[in-house]
Peer 1: 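Would you mind keeping the following structure in view while I ask a few things?
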Amino acid sequence: MGALTKGRYLSTMGLLLLIYCTVSVICKGATGDSQADTLPSAQGTLPHFIQEPEDAYIVKSNPIKLRCRAAPALQIFFKCNGEWVHQNEHISQEYKDLNTGLKVREVMINVSRQQVEDFHGPEDFWCLCVAWSHLGTSKSRKATVRIAYLRKNFEQDPQGKEVPINGMIVLHCRPPEGVPVAEVEWLKNEELLSSLTDDNIDTRADHNLIINEARLSDSGNYSCLASNIVAKRRSVTATVIVFVNGGWSLWTEWSPCNVPCGRGVQKRSRTCTNPAPLNGGAFCEGMSVQKITCNAVCPVDGGWDEWSEWTVCSSQCEKQRSRGCNSPTPRHRGKMCEGNSEATENCTDGLCTQNRKLLHDVKPQSMDGSNDVALYSGLGAGIIAVAILVVAVMLYRKNHSEYGVDVIDSSALTGGFQSFNFKTTRQGNPLLLNSSMQPDLTVGRTYSTPLCFQDSADKELFDPLPDIKVKVQSSFMVSLGVAERAEFHAKAPAETFPRDLSRDYCGSVDRRKKGLLTLNGPISASKEQQRTTGVFGHPGGRLVVPNTGVSLLVPHGAVAENMSWEMYMVINQGEASVQTLEGCEILLGPEVTYGPPGLDLFCPVAMTIAHCAEVDAENWNIQLKRRTQDSKWEDVMSVEDESTSCYCLMDSTSCHLLLDQPGSYALVGEPLTQAAVKRLKLAVFGSMEAGSVSYGLRVYCVDDTPHAFQGVVAAEKIRGGQLLEEPKMLPFRANTFSLQVSIQDVPHFLWSIKPFTTCQEFSFPQVWCSNQQPLHCAFSLERYSPATAQLSCKISVRQVKGHEQILQVYTSVAETEKDSIPFFMQTDCTITTQTGPKAFKIPLSIRQRICATFDTANAKGKDWQLLAQKLHLDRNLGYFAKQRSPSAVILSLWEARHQDTADLDSLASALEEIGKIHSKISPKEQEEPESDFNRIQAGSLCGTGELTCHKTEDSAPEYTG
């Protein structure tokens, strides 16, 4: 009803307006010339629109304004969707055009979002203007009004792809639906792309991005940006990798025949460096080495002919004969005949003439008498000399039988060989024992790997043992330093496990994992996890768990710029690490976890874990395993295999890993033969027991890793024990035989020990499957008199049908002396995290120059593969090839491997050797200006604080540590 009334109102208003215009014309004619003088004549002119309404978009809830301007116009009204807009909704004004003198009328209306949404018609919401003049009406163009929007989801996101170099890259993008239609732009690594600045890039009207010929620099992260007046939307990121497939270099010249004589082989080679594969490009197909058979002409050595007949005796009383080197004649670099080609003899038996006289006419002087005198004189002198020597030796032995030996041991755990001084004995020594044994000059094995960072001065891992003196008299000798020499029996030939033996072995392993232990067994390990954390940014750094042989290297550039990660490293304790191992597998080092789980790095980290295996591929199957979310172990790789997902480098005492994925990792070994050996560390501690009468000796057998030995140190520190002998290493074979620990040479007139307790035994599964948990056995000795203040004995640790090691014990048990002896303790390690340049041995500028030089493909073969070869890291090259910068990953592995040393000698030597190869290419190339590589080799490592560099006369760099 309201709409009908409104329509009638508008129709009536239009009729009245028409009447008003007619009357105005009549009135204007009646006025005569008075108005003609003031206004220009508008006769014959319809309204002309100076401004027509334009299409508009409503953004959110903001109304839009539509404007109309016409001249000459008596009235202007808007008509929207076929209906007149109410007069009250118009905002109008009128003014005179100074140029034409005509009246100009301007009208404006507001259109709201609600009005547009309420309109339901076959077309969009529209409005137009109708202007009236004396002669009639004029209509403007239709202006549409639409609600602007831009949906969130793209109809088609660009997809990442790998493209060969010089190939075409096409990335498709269909923006989200929107009003008005969204405009599309492309971003590469957060920067706007423009086809105006790069002719190789084409951004089409269909919103697709086309790169006509892919370049290495076109690798990156691409995204599509859609925008209109409402909002901007960004697509998912598409990673484009431009890879380079490897190409063969030219064949080298054929090598000389490999045998000097007979049938041999000649070889020639080529390298996959023309170009080298980059960014995951395929390796070259075909053979890198060709061989052909060759026949080297064998040298023929010369041989003598038969001697000729003697010549007639000459006037000099000589006859001669000769022979030739013709049987055969030397050929093809054969040797000439050895010996003389001519021979001369006297032909008169010495009765030749001198000055025409016969020699037998001259009577020679007889020499027989003088020769006999000399012979007998010499024999007599010899007999006298022998007699004097025998008497001297006897006197010497008689005199020295009254002397003893005073052994001074000043060695420390970090020291080398023991020093011995022999002095005359002092009387009154109460510790007098058997003297039939020789001193033991063997030295225990010590760690060379530093277990923590050093602040400024070098620190030792353990405090040194006190100086020890042992006094010995003629028929007695103290057991310290006089036990039988510890010796390693000859290795039995490697044998594979027989079926029944393997069954027994693995069965015993399973029983060990279930905790069926006897004797003293493992000491209780601390449940507390060893953990270290650090915050790392773009410069990278290093994490170290002190005194465990475990570290983590975060390379420079692994973390994105303007970002940082709080990373941690944890050594998991207890039996939980081995509960899920299968069969005959054992832990060779601690289980290590690094994180956080969502860690996102641009290049792999380098983790170092100490192990206790004597590495031998024939006797061990060593694998790297990772713990899954359901606490099971999954195989990552075997250390002898090649993998592109992980890299494993085994040294004698440590394993260096390159890892991309955070998690828990462990080094697990399975013996293949009975010759497989794992290293045990042996140590003996002592302390007084309750009552100050009994003295306890505790012998520890633990896997030879710093982490495992830390459990022993922690336990003994709590018990107040003293380290009585330098720890030693015992090779323990997988021959299923037990380990026996016995105490020997106890002075029974001073100390007593319970019968049948002098020898104790660990079963094979206990020792073999200790899995980083210390084992120990104890001996309790009682002294007969409180005045006894010293104890001397030896501890024998041997594997049945295996190796043996001797631990010498000589200690003071007096309370006053005990307090003065420093306790065996760990180093005061406080630095567990290093960040930035101080964490790396190679300065950043040198590292970047090396990477820039060796990452670039070089037809002469001087690329990252040669660098890996010279640094002895030339296995599993496929892993390096898939990295963005193979040289950077190689240098990170070198850093992890050489974190113990304090110089860059090995790297400098490798670069120097590569430089020599470069200088021998051709004389022409030697005359060319110095290349980037030579500048690195000659100058990069000079002045770094680690090396000094001197130039020789030939301008070749000479490196000195």
Side-chain angles (χ1 to χ4, degrees), residues 338-340 343-346 349-351 359-360 362-411 415-444 467-491 725-726 728 744-749 790 792-794 796 798 803-810:
E338 295 182 357
N340 297 324
T344 302
E345 285 186 1
N346 188 285
D349 294 330
L351 300 178
L359 290 180
H360 67 268
V362 181
K363 296 182 180 180
Q365 298 178 354
S366 175
M367 300 295 295
D368 294 340
S370 61
N371 290 340
D372 292 341
V373 172
L375 176 62
Y376 292 129
S377 299
L379 288 176
I383 293 173
I384 294 173
V386 171
I388 294 173
L389 181 61
V390 171
V391 173
V393 171
M394 293 177 65
L395 291 175
Y396 179 81
R397 295 184 61 184
K398 182 177 181 181
N399 293 335
H400 284 71
S401 64
E402 298 176 359
Y403 289 84
V405 180
D406 186 8
V407 181
I408 299 178
D409 182 1
S410 61
S411 64
F417 295 94
Q418 301 171 355
S419 60
F420 294 86
N421 297 328
F422 297 91
K423 302 177 182 178
T424 59
T425 185
R426 292 182 289 273
Q427 302 298 325
N429 185 4
L431 301 178
L432 303 178
L433 297 178
N434 187 1
S435 64
S436 61
M437 301 178 182
Q438 299 298 319
D440 182 7
L441 304 183
T442 58
V443 176
D467 288 345
I468 302 173
K469 294 184 178 180
V470 182
K471 305 168 185 178
V472 184
Q473 203 170 15
S474 59
S475 60
F476 301 95
M477 188 168 288
V478 179
S479 59
L480 176 62
V482 298
E484 294 177 351
R485 181 185 302 271
E487 61 182 13
F488 291 158
H489 300 290
K491 259 191 176 181
E725 166 68 326
E726 184 177 348
K728 295 185 178 181
Q744 303 172 7
D745 293 347
V746 177
H748 296 290
F749 56 90
Q790 293 178 323
S792 62
C793 62
K794 71 176 182 180
S796 170
R798 64 180 293 269
H803 300 290
E804 181 182 15
Q805 188 63 274
I806 300 295
L807 298 172
Q808 305 288 347
V809 175
Y810 181 81

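Everything numeric in this text was worked out from a predicted model, so none of it was measured.
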Peer 1: Restricting to side chain to side chain contact (heavy atoms under 4.5 Å, CB included), what partner residues turn up for V386, sequence neighbours left out?
Peer 2: V390
Peer 1: Tell me the closest heavy-atom pair linking I806 and K728, and the distance in Å.
Peer 2: O-NZ, 2.8 Å
Peer 1: If you round to the nearest 0.5 Å, how far is CD of Q744 from NZ of K794?
Peer 2: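 Separation between the atoms: 4.5 Å.
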Peer 1: Ignoring hydrogens, what is the shortest heavy-atom contact between P747 and S792? Give both atom names and the distance.
Peer 2: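 Smallest interatomic distance, heavy atoms only, reads CD-O, 3.1 Å.
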